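I have placed the structure first, in the form of structure tokens, so that the comments after it can refer back to it.
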Amino acid sequence: MVLHTMSQTVVLGVIGSDAHVVGITILEQAFSAAGFDVINLGVQTSQEEFAEAAVAHDAEAVLVSSLYGHAEQDCRGFHGVLEDAGVDAHTYIGGNLAVGQDDFEQTRATFEELGFDRVFDSETDPEEAIAALRQDLQIAPTETERATISS
Amino acid sequence: MVLHTMSQTVVLGVIGSDAHVVGITILEQAFSAAGFDVINLGVQTSQEEFAEAAVAHDAEAVLVSSLYGHAEQDCRGFHGVLEDAGVDAHTYIGGNLAVGQDDFEQTRATFEELGFDRVFDSETDPEEAIAALRQDLQIAPTETERATISS
Amino acid sequence: MIRDERIPADELRRIDEEIRADWPTGADVDFDEAIAYHESLPASKRFADVLEEATKPLLQPRAGVPCLDDQVELLEYLHGEGKADLLPTTIDSYTRDNEYEKAQEGLENARESGEDTLNGFPAVNHGVEGCRELIEAIDAPIEVRHGTPDARLLAAITFAGGFQSFEGGPISYNIPYTKRHGLEETIEKWQFVDRLAGAYTERGVRINREPFGPLTGTLVPPSIAIAIMLVEGQLAATQGVRSVTLGYGQVGNVVQDVAALNALQKLGDEFLPDEVVVTTVFHEWMGGFPPDEARANGVISLGGMTAAIARPDKVITKSPQEFQGVPTKEANASGLRTTRQVIDMAIEQEIDIDGIAEEQDLIERETRCLTDTILEHGDGDVVRGTIEAFDSGALDVPFAPSDSARGAVLPARDDDGRVRIFEWADLAMDDDIKEIHRARLSRRADTEGRDQSFRMVADDVDAISDGKLIGRPQNAGDV
Amino acid sequence: MIRDERIPADELRRIDEEIRADWPTGADVDFDEAIAYHESLPASKRFADVLEEATKPLLQPRAGVPCLDDQVELLEYLHGEGKADLLPTTIDSYTRDNEYEKAQEGLENARESGEDTLNGFPAVNHGVEGCRELIEAIDAPIEVRHGTPDARLLAAITFAGGFQSFEGGPISYNIPYTKRHGLEETIEKWQFVDRLAGAYTERGVRINREPFGPLTGTLVPPSIAIAIMLVEGQLAATQGVRSVTLGYGQVGNVVQDVAALNALQKLGDEFLPDEVVVTTVFHEWMGGFPPDEARANGVISLGGMTAAIARPDKVITKSPQEFQGVPTKEANASGLRTTRQVIDMAIEQEIDIDGIAEEQDLIERETRCLTDTILEHGDGDVVRGTIEAFDSGALDVPFAPSDSARGAVLPARDDDGRVRIFEWADLAMDDDIKEIHRARLSRRADTEGRDQSFRMVADDVDAISDGKLIGRPQNAGDV
Ligand code: B12
Ligand code: B12
């Protein structure tokens with residue numbers, strides 16, 4: 001079985017006027033270590049900036065982070081903008097997606113309806129997201145990881 | 001208005017096989033300081049011992065304490081025993097009257113049904129019980145206390 | 001009059017048979033078979049080994065409900081969700097009074113109604129089989145915790161049932177727990193319990209014994225608690241126990257608590273024979289709790305912080321519902337996790353507080369006054385000495401409900417919140433030590449502008465539940 | 001290029017009029033009438049006085065909801081049930097971005113739906129009248145807390161609305177809170193805010209100003225935070241502010257936190273003019289919290305313990321729901337009460353920990369390296385110096401999202417859990433200090449048997465939420 005193993009590009013950023021940067025700093029490092037090319041747009045990234053970067057780098061995935069509680073407002077129309085720009089990438093969103101003490105299943109449904117392929121809560125370990133993306137992109141684990149798994 | 005001001009006797013004790021002594025130690029001191037004659041039977045006092053002491057000292061009130069969660073079992077039939085011994089005193093119970101995280105209003109009803117005139121929870125300040133007993137016995141506050149109130 | 005001597009083997013057998021006749025389940029105990037059963041248990045259930053080999057304080061909650069399946073569920077929850085390292089089985093009050101009939105009623109009642117009509121697990125009624133089902137269901141060591149003056153049948157059944165740790169002792173489960181049992185009587189009964197534990201130990205099953213350090217839980221001066229721990233440790237050692245965990249209940253002053261735990265370990269090592277492995281257990285605040293879960297969590301955390309600094313071998317945790325009644329399993333687990341978080345955040349830090357050595361020195365000197373008086377009272381025999389010293393008041397416990405102790409000693413906090421002795425009564429203590437306490441308490445009285453009196457003691461009893469450590473007068477100057 | 005100079009009165013008026021035109025509610029501000037309004041407020045609502053006269057740390061939560069009546073109810077609850085001494089009004093994110101239109105939409109949305117569709121209180125939209133209703137409803141001082149780079153209109157309206165304390169500053173509300181605002185720009189805007197506060201002060205209404213000490217909240221080395229506090233304090237003083245509260249966010253190591261708070265007060269007193277009253281505020285852990293309320297209570301309590309030892313003037317509390325999202329009012333009040341209980345139990349105790357003086361000395365030396373470099377970069381002017389020093393990287397903040405800071409400095413904990421600097425980048429620091437950090441970190445690396453790397457930093461970022469202080473590798477030796 002020959003799987004797709006070449007390096008793939010993901011666009012990462014925090015949407016809206018949210019400035020919580022620590023999470024994406026950790027995600028950038030984890031995705032890079034896992035062999036992805038990460039384009040980190042940083043915090044306070046607009047929908048258009050995500051779309052432009054995805055086009056410019058021919059990204060396989062767009063990873064949106066939001067912590068401050070305005071994710072829903074900030075993401076309205078996002079998938080339209082991506083489509084208009086001709087982006088056909090997997091879209092993930094993660095972080096603290098609702099204001100207050102929400103029920104996560106409801107939140108997940110809200111964001112899936114908005115068009116996201118996967119929705120992660122803030123307890124998500126980066127490894128989970130990496131595993132999910134590998135699955136979605138049908139990428140095999142790297143040599144070293146296989147070694148670790150089989151050892 | 002001439003109110004009853006002479007010293008009155010109360011019988012105090014912890015019922016059943018309960019050994020929590022700190023509460024009645026505080027109560028003894030507070031009732032004594034408030035001018036009552038306190039007969040403290042200590043912990044692990046049986047229904048019969050309460051009745052005997054009430055008779056022997058012609059008590060105006062019987063104060064039962066229970067902390068360990070078996071109050072209901074320990075108090076079943078208590079008012080019958082008192083009656084049989086000819087005791088006609090006000091009966092109060094207080095402390096931690098149910099096992100576990102109970103709803104106090106329900107607990108109060110249970111112990112009123114068993115025959116207690118007043119039921120107190122464990123947040124009760126001794127002063128509250130003293131005030132209640134003074135009211136039930138129609139006793140005026142002592143000189144010094146009146147002084148404090150009017151000053 | 002009894003003395004501190006090992007019960008001979010034939011006497012052990014005789015008593016064993018006698019007490020096993022007290023309740024039908026006693027008949028199921030077979031010592032040799034029980035040894036084999038213990039040997040079959042995995043290392044993860046060997047209480048003494050797990051405790052003694054731990055590299056950081058292990059956490060243990062209190063928990064006991066009447067029915068077996070509920071107890072299994074409860075302990076599984078505390079182990080899984082609470083991440084308890086060691087588990088308890090708290091016994092109900094009827095069993096503590098040897099009223100197995102009433103316990104049986106309560107148990108049947110509980111089974112029918114589904115309500116917890118007993119305040120603990122009636123292990124005697126559940127019998128050897130019931131205990132073993134519990135031991136097998138839980139992948140961690142479990143201790144029997146109770147408060148029973150005569151725990152002989154309870155020990156016989158729970159030891160055979162696979163429990164490898166047993167709390168209590170002749171003083172610590174008498175003085176705070178019961179009014180009428182004489183000390184001589186409880187010592188005799190606990191000599192049997194210890195001897196039975198020793199018999200298992202001889203056969204390679206080291207039953208851990210844990211004297212109950214907090215006593216009345218209410219402002220007990222450290223030296224009184226430690227002296228009693230040393231006596232109970234010695235009595236257990238005489239009967240062949242080789243794993244002893246000495247206890248101490250938090251008073252809330254960090255320096256005094258750390259000093260006390262240090263002193264407890266040091267004096268335990270000194271007083272007990274070399275072949276005994278001495279460990280320590282720290283009980284989070286055992287007095288009245290705040291009627292508010294949020295504030296209770298603060299009390300619990302201060303205990304965790306103290307444990308991180310003193311590093312006892314074990315910590316018995318409280319739940320935020322302590323004030324109200326027996327906690328839900330969720331609240332119980334939450335007390336465990338709050339404690340764990342504080343300990344794990346603080347334990348790697350170097351936190352050396354000034355004055356611990358001095359306070360420890362004072363506690364040790366006080367303790368030696370008490371242990372000396374015991375030996376003098378007993379002409380060298382610790383059993384006789386303990387009985388006589390309690391009798392004369394040379395040894396005493398504040399707020400003791402028991403007729404066997406004077407309960408005349410009264411504690412109060414000093415201006416720094418350390419527990420001192422305000423009323424000495426006949427407690428045997430050197431005058432220079434008394435002078436130190438007196439000076440400390442008079443400094444507090446000065447600060448508060450009031451005389452030392454029982455009012456101060458009462459205020460201190462309520463202080464922590466009212467949100468403070470020291471029971472200061474509400475309005476400065478309202479003498 | 002701007003400098004650290006007081007804005008002239010006419011310039012103040014000009015800007016004031018200009019910014020008040022930004023949104024309709026700006027028109028309602030009348031300075032003289034506002035002074036009269038402040039004078040009519042009772043002593044219990046005078047923020048600076050209440051804070052400066054307190055004899056023990058005052059507690060303040062964070063809290064803001066969109067609608068006025070809900071905000072009143074929330075603050076009443078936190079004051080009544082939470083026993084907060086000082087209250088906050090946290091502003092929503094749209095207002096912070098000066099997007100008053102969007103805030104208005106959110107507010108109307110919230111009013112209709114009854115849901116909190118904004119993450120704070122849009123004070124500009126509520127206007128002077130709305131603010132005053134809030135001030136009048138609550139019998140305690142209230143502070144405006146936000147995170148706004150350009151807070152001029154917010155200040156004009158909330159000051160006129162009766163608020164007497166205002167959080168933030170040109171660096172502390174820029175670097176951690178926004179990507180694109182230049183430092184020169186935010187300094188200019190905050191000079192106006194401070195000048196306005198100074199204008200009130202001149203007229204006898206001492207508006208308290210509180211630079212935001214925790215910065216990115218994530219492993220910020222104390223000296224970096226303190227240097228920035230000193231700069232913001234100086235800028236405020238220049239504009240006439242006379243009540244300054246310097247902030248610091250808990251890092252979790254007790255010795256380092258106490259040392260940092262001591263250094264903050266000492267250097268604040270030294271650097272700011274004598275006519276400024278300098279107080280300090282301690283923020284309970286501002287980084288990632290455990291996803292578990294029980295463990296979060298442990299984190300909160302460690303903060304309370306630290307506050308009891310260091311005795312800052314104010315403590316900003318966290319709630320046990322910090323991880324999850326904006327807390328319920330019950331959880332918020334519970335964080336307050338847990339903190340209060342720990343402080344009140346510990347504060348009367350003498351707890352002198354070894355090594356605080358040494359750590360404080362190190363922090364002071366580090367801070368002076370940074371303040372020296374600022375003055376050098378600015379040829380004696382602190383405004384120019386700050387801008388240039390951030391530009392050159394001589395001054396930097398870890399995890400800064402802003403384009404105005406390099407964000408190249410990386411912190412990591414040493415073997416004792418103190419925050420050290422692992423990657424210095426261009427930070428201006430004496431070599432002997434760098435050597436101390438290097439030695440401390442290499443000791444940790446040795447303990448863990450791994451190299452210093454970003455992995456260590458990432459592990460430290462997660463550590464507290466994972467239940468530990470130091471991010472040790474999961475399995476010893478899994479390099
Ligand atoms: C540190 C912090 C801050 C710092 C941020 C500094 C900075 N620039 O980064 C400061 C103090 C400046 C700050 C400000 C604010 N904050 Co803040 N902050 C936090 C805090 C305590 C920790 C966040 C953090 O760094 N965690 C550590 C990192 C490693 O974890 P993480 O961010 O969760 O990211 C991980 C996962 O979520 C996941 N993940 C995240 N994104 C994505 C995306 C994808 C695709 C995937 C797969 C996974 C994933 O993987 C990440 C790595 O493991 C959280 C509460 C908490 N979590 O404990 C509040 C919190 C996020 N903040 C909050 C709020 C409200 C604010 C403010 C609006 C209000 C205020 N207090 O001033 C401002 C907003 C400013 C702005 N414009 O953004 C709220 C959000 C409420 C909500 N969603 O309901 C929180 C939850 C606190 C609370 N309980 O109220 N904050
Ligand atoms: C100290 C303590 C102990 C000490 C007692 C020492 C002693 N001999 O006194 C020790 C450690 C020995 C102990 C043992 C046990 N305890 Co205990 N104990 C406590 C604790 C922590 C404090 C009690 C106390 O002294 N409070 C201070 C005094 C001043 O307050 P108080 O007793 O409540 O009394 C005041 C009021 O209640 C009121 N009041 C009391 N009685 C009356 C009567 C009247 C008429 C009125 C008007 C008012 C009134 O006024 C008093 C003075 O202000 C409580 C929990 C708590 N409250 O925080 C648990 C608690 C009472 N104990 C409990 C239990 C279960 C036990 C044990 C069965 C189990 C065990 N852990 O071993 C044994 C029972 C032993 C026995 N045979 O009684 C439970 C009871 C559960 C329930 N009711 O649902 C509690 C609530 C703990 C818990 N959450 O599980 N305990």
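Only this structure's heavy atoms are used, side chains among them; waters, hydrogens and symmetry mates stay out. Only a predicted model underlies this, so the values are computations on that prediction, with no experimental measurement involved. Numbered from 1 within each chain, the chains take letters A, B, ... in sequence-line order.
Using modelled atom types and a 3.5 Å distance limit, the side chains of Thr91(B) and His79(B) yield a donor-acceptor pair. A side-chain donor from one of Gln71(C) and Thr89(C) sits under 3.5 Å from a side-chain acceptor of the other. Residues Asp97(C) and Ser17(B) bring a donor and an acceptor atom of their side chains to less than 3.5 Å of each other.
In terms of the ring-ring contact (aromatic ring centres under 6.0 Å, His included) criterion, residue partners of Phe212(C) (sequence neighbours excluded) are, by chain and number, Tyr173(C), Tyr177(C), His283(C).
Per-residue heavy-atom pair counts under 4.5 Å with chain C were compared for Thr45(B), Asp18(B), Val21(B), Ile24(B), and the maximum is reached by Val21(B). Among Thr178(C), Thr218(C), Asp92(C), the residue with the largest count of heavy-atom pairs under 4.5 Å with chain B is Thr178(C). When each of Ala19(B), Ala30(B), Gly23(B) is checked for heavy-atom pairs under 4.5 Å with chain C, Ala19(B) comes out on top.
Scanning residues 113-124 of chain B against chain C with a 4.5 Å non-hydrogen threshold yields Ser122(B), Glu123(B), sorted by number.
If you measure heavy-atom distances from Gln29(B) to chain C, the contacts under 4.5 Å come from the side chain alone. Proximity to chain B (any heavy atom under 4.5 Å) is shown, for Pro398(C), by neither the backbone nor the side chain. Both the backbone and the side chain of Ser93(C) come within contact range of chain B, each with at least one heavy atom under 4.5 Å from a heavy atom of that chain.
For CD of Gln106(B), the number of neighbouring non-hydrogen atoms (other residues, nucleotides, ligands) closer than 6.0 Å is 12 at most.
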Just list the side-chain donor-acceptor pairs under 3.5 Å for residues 103-112 of chain C, sequence neighbours left out, or say none.
{"from": "Gln104(C)", "atom 1": "OE1", "to": "Asn125(C)", "atom 2": "ND2", "distance (Å)": "2.6"}
{"from": "Gln104(C)", "atom 1": "NE2", "to": "Glu108(C)", "atom 2": "OE2", "distance (Å)": "2.9"}

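A salt bridge links Arg152(C) with Asp150(C): the distance from a Lys NZ or Arg NE/NH1/NH2 to an Asp or Glu carboxylate oxygen falls below 4.0 Å.
In this structure, Ile15(B) and Gln47(B) have side chains that are in contact, with non-hydrogen atoms separated by less than 4.5 Å.
Applying the salt bridge (Lys or Arg N to Asp or Glu O under 4.0 Å) test to every pair with at least one member in residues 27-55 of chain B, sequence neighbours left out, gives these pairs: Glu49(B)-Arg180(C).
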